[in-house]
Amino acid sequence: MKWRKSCNKPVLVGDDVLVYDIETDGLDTETAKLKWFGAFSFKDNCYYFYTYHEMEHIQKLIDDHKICVGYNNKDFDQPICENNGLSFEYKIRIDLLRVLFRPETRTPVREAILKVDGQILKNVLPNHKLKSVAKALKLDQGKGDIDYKIFRKDYWTKSEIKEILHYLHLDVKITKEIFEYMYKEFLPMKYLMGPEDQRKYNWFRTSTGSYTYKVICHQAGIEEEYAEPGPRKQFEGGFVSDPLGHEFKGKIYCLDFNSAYPHAFMMGNLYSHSCKCCTEDEKWAGNELFPVEGRYCMKKPGKVERVIKKLYLQRLEYKKKKDPREYAIKIIINTMYGISGSQVFKNVYSLNTASDCTLMARQMVKHARNKFECAGYKVLYSDTDSVFLLDTYNNETNVLRVRDEIITDIKNSVPFPQDTFGMGIDARIKAAWFFKKKHYVYITEENKIKIKGLPLIKSDCSRLSRLVFERLKPDMIDRLDIKYPLFKLKEIVKEILDEDLGLVANYYKVRRPETYKSQTSIQYQIAKELGPGEHWLVPNRKIGSIGKGKKYCTLEEAKSLEVDDLILDKVWETELSPFIK
DNA sequence: GCCTGGTGCATACC
DNA sequence: ACTGGTATGCACCAGGC
């Protein structure tokens, strides 16, 4: 039986793409029998549905397409299809799950760069089920549930067929829409790649590291060779200062070097360590400000550096024109540093390149700190490429003058100074509180409150603490102060807890128990007791088989608890402590 | 019994 | 077809006192 159902929406995807999903009589890929095959073709904008009695039709449909797309098809649909006599040979096979996330190593891939209203997909996904992805991307998930027993049959009544088609159509449709979403998002990454990578959909499915390597190799005309992973050689990274003090009010600036690492590459010519145009003695060996380990060509910018520069300038243009290709270049530029420190990417890898890049950035920040301090400013904090300043003179022009000197000093100390290198004001701040490295809060001149790193913004934070903060936020901005006397916070906490004790629960996302090395870790205990996935657990003194010191129970179990049974340590000592006077 | 330092795990910042 | 380092916090455990 063949079923055609056309789709009226305009087609965005121009290639011969077939999105497919199957129904089987079981989950074991070795023994499962293919029962139904559902697909959507971007060639004719039609849905196709076949039973296993029509294998030639299914094979014909596959043969008519170059690219076959599914969800978890690498580990499930495809092997079953092959065991049942279908062939995907010579097809470009795409598994949307594996494009987003690599299950065996549990590493995020494209879910780390896909944005859904400002947030990264990875951070909004509770798990990697098809429906969860659809929901996170705000796609229509429809309603569909089916008793899988129906797939044990070999023939179906009219009403059963109707039910199956409804269900299968829905899954194909969801897969198709996820594919379309990703296609639209990733298409701007296509044009920078070589023709083979464009054809093979490598702009769509590679990790950002591989993508960057492929683009750089193609653009710079260097060989795309790979090496065995091997043990990692470590090197020093960014410099993070201790905060100067706790609380500051007045005119505060956050300044940061624009694209510090890419500019370190360009200005130090850091990829040109083995050029043939000069002798070792003629190479740049660094100086007092930049005591680099490697030796780099001073005669002309290298191939890779020229590509970085070209891309950087192009990105500035794209940003002005709001061209989405801007984001593709951003990824490449920011990933260059990462792949230069990874052996796998053989022809851009160099420990000196990576470590001299971070060294140059460390020196830039330290130089900026010194200059500002000598000019009478208080340097409150700095991390990698940024500096927080207290402007005691209340004179922005003077800050910018010192800034210009810093930039000039740096440019005078590198072989290839860049016009695009500079330092901008990232934020103008009225008050700031620094707690620890990478943990701070500030209120901007636009009355926006920014929190960095605090337990309050981590995913495991209790809803109680978040609610307390949300309630006080307008008042904090009003008073230009984030601190409250303990009793005031206690009042609010009590009010919220009277509503619902469960709000103290902490969020845990755990894997399958087998995947843990430590069988005593709290994550293992949770996984063992409650299964993998998301859990909200209430720390208490009374019930729950999870935890050795503190006990943790589920929200359901927590209904029998009294306020005094709760353990509020984390709430008071970490989540809310920054806000206690 | 308490403290310290190390480990595993998770997550944020750049 | 596997980007990097820096940093905090929790729970647990071993070892020292």
Side-chain angles (χ1 to χ4, degrees), chain A residues 98-99 102 104-109 112-113 120 122-123 197 200 202 205-214 216-217 224-230 232-242 256-257 259-261 331-346 348-349 351 353-355 357-359 361-362 365 381-386 426 435-440 450-461 506-511 515-527 537 539 546-552 567 569-570 573-575 577:
Chain A
R98 302 177 70 83
V99 172
R102 200 134 295 150
E104 59 278 8
T105 50
R106 295 184 306 270
T107 45
V109 188
I113 58 168
I120 286 169
K122 184 186 106 136
N123 292 345
D197 287 324
K200 287 186 182 160
N202 283 335
R205 55 177 169 170
T206 56
S207 69
T208 50
S210 302
Y211 171 72
T212 299
Y213 189 52
K214 284 168 181 292
I216 282 290
C217 287
E224 183 189 329
E225 293 173 312
Y226 295 87
E228 288 304 310
R232 254 220 293 263
K233 289 199 188 78
Q234 296 213 328
F235 56 91
E236 196 178 337
F239 165 72
V240 187
S241 81
D242 271 317
D256 61 352
F257 290 109
S259 298
Y261 285 5
I331 290 167
I332 298 167
I333 288 175
N334 290 341
T335 311
M336 276 310 292
Y337 156 67
I339 66 171
S340 72
S342 170
Q343 296 100 311
V344 182
F345 304 103
K346 200 175 162 193
V348 291
Y349 169 70
L351 210 58
T353 301
S355 67
C357 171
T358 58
L359 174 136
R362 285 195 300 275
V365 175
Y381 176 67
S382 65
D383 185 349
T384 311
D385 59 357
S386 67
D426 196 42
F435 304 95
K436 280 173 177 162
K437 289 177 176 182
K438 296 183 190 283
H439 286 206
Y440 55 93
K450 286 260 179 201
I451 303 182
K452 295 283 183 177
L454 294 191
L456 190 75
I457 59 162
K458 292 210 176 188
S459 48
D460 65 348
C461 179
N506 294 120
Y507 174 84
Y508 288 90
K509 195 156 95 177
V510 298
R511 315 190 300 252
T515 63
Y516 286 98
K517 212 190 283 185
S518 157
Q519 301 205 346
T520 54
S521 73
I522 195 76
Q523 290 83 2
Y524 177 85
Q525 294 182 49
I526 295 167
L537 299 176
I546 297 161
K548 217 182 156 188
K550 278 189 213 174
K551 284 183 182 6
Y552 287 94
I567 300 179
D569 287 20
K570 189 168 182 288
E573 281 159 34
T574 59
E575 294 172 357
S577 75

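Being a predicted model, the structure only gives us computed values, none of them experimental. So you know, we letter chains A, B, ... as the sequences are listed, proteins then strands, and number each from 1. No hydrogens, no waters, no symmetry mates; every other heavy atom, side chains included, goes into these values.
Using a 4.0 Å heavy-atom cutoff across all strands shown, A:Ile457 reaches sugar-phosphate atoms only and no base atom. Here A:Arg511 lies in heavy-atom contact (under 4.0 Å) with sugar-phosphate atoms only. Residue A:Ser518 is in sugar-phosphate contact alone, with no base atom involved, counting any heavy-atom pair closer than 4.0 Å across all strands shown. Here A:Phe235 lies in heavy-atom contact (under 4.0 Å) with sugar-phosphate atoms only. Here A:Tyr516 lies in heavy-atom contact (under 4.0 Å) with sugar-phosphate atoms only. No contact: A:Thr206 has no heavy atom under 4.0 Å from any strand. Across all strands shown, A:Lys214 has no heavy atoms under 4.0 Å from either base or sugar-phosphate atoms. Base engagement by A:Lys458 is indicated by at least one non-hydrogen atom pair under 4.0 Å involving a base atom. Within the nucleic acid shown, A:Tyr440 comes within 4.0 Å of sugar-phosphate atoms alone, with no base atom in reach, counting heavy atoms only.
Nearest to the side chain of A:Lys509, among B:dC9, B:dT11, B:dA12, sits B:dT11. Here the nucleotide nearest the side chain of A:Lys517, chosen from C:dG9, B:dG8, B:dC14, is B:dG8. Of the candidate nucleotides B:dG8, B:dC14, B:dA10, B:dC14 has the atom nearest to the side chain of A:Asp383.
The interatomic distance linking A:Tyr261 (OH) with B:dC14 (C1') rounds to 7 Å, in whole Å.
Remark: ring of A:Tyr226 overlaps the six-membered base ring of C:dA1 in a stacked fashion, centroids less than 5.5 Å apart, planes less than 30° apart.
The one candidate from A:Arg511, A:Lys517, A:Gln519 that meets the side-chain contact (heavy atoms from CB on, under 4.5 Å) condition with A:Tyr524 is A:Gln519.
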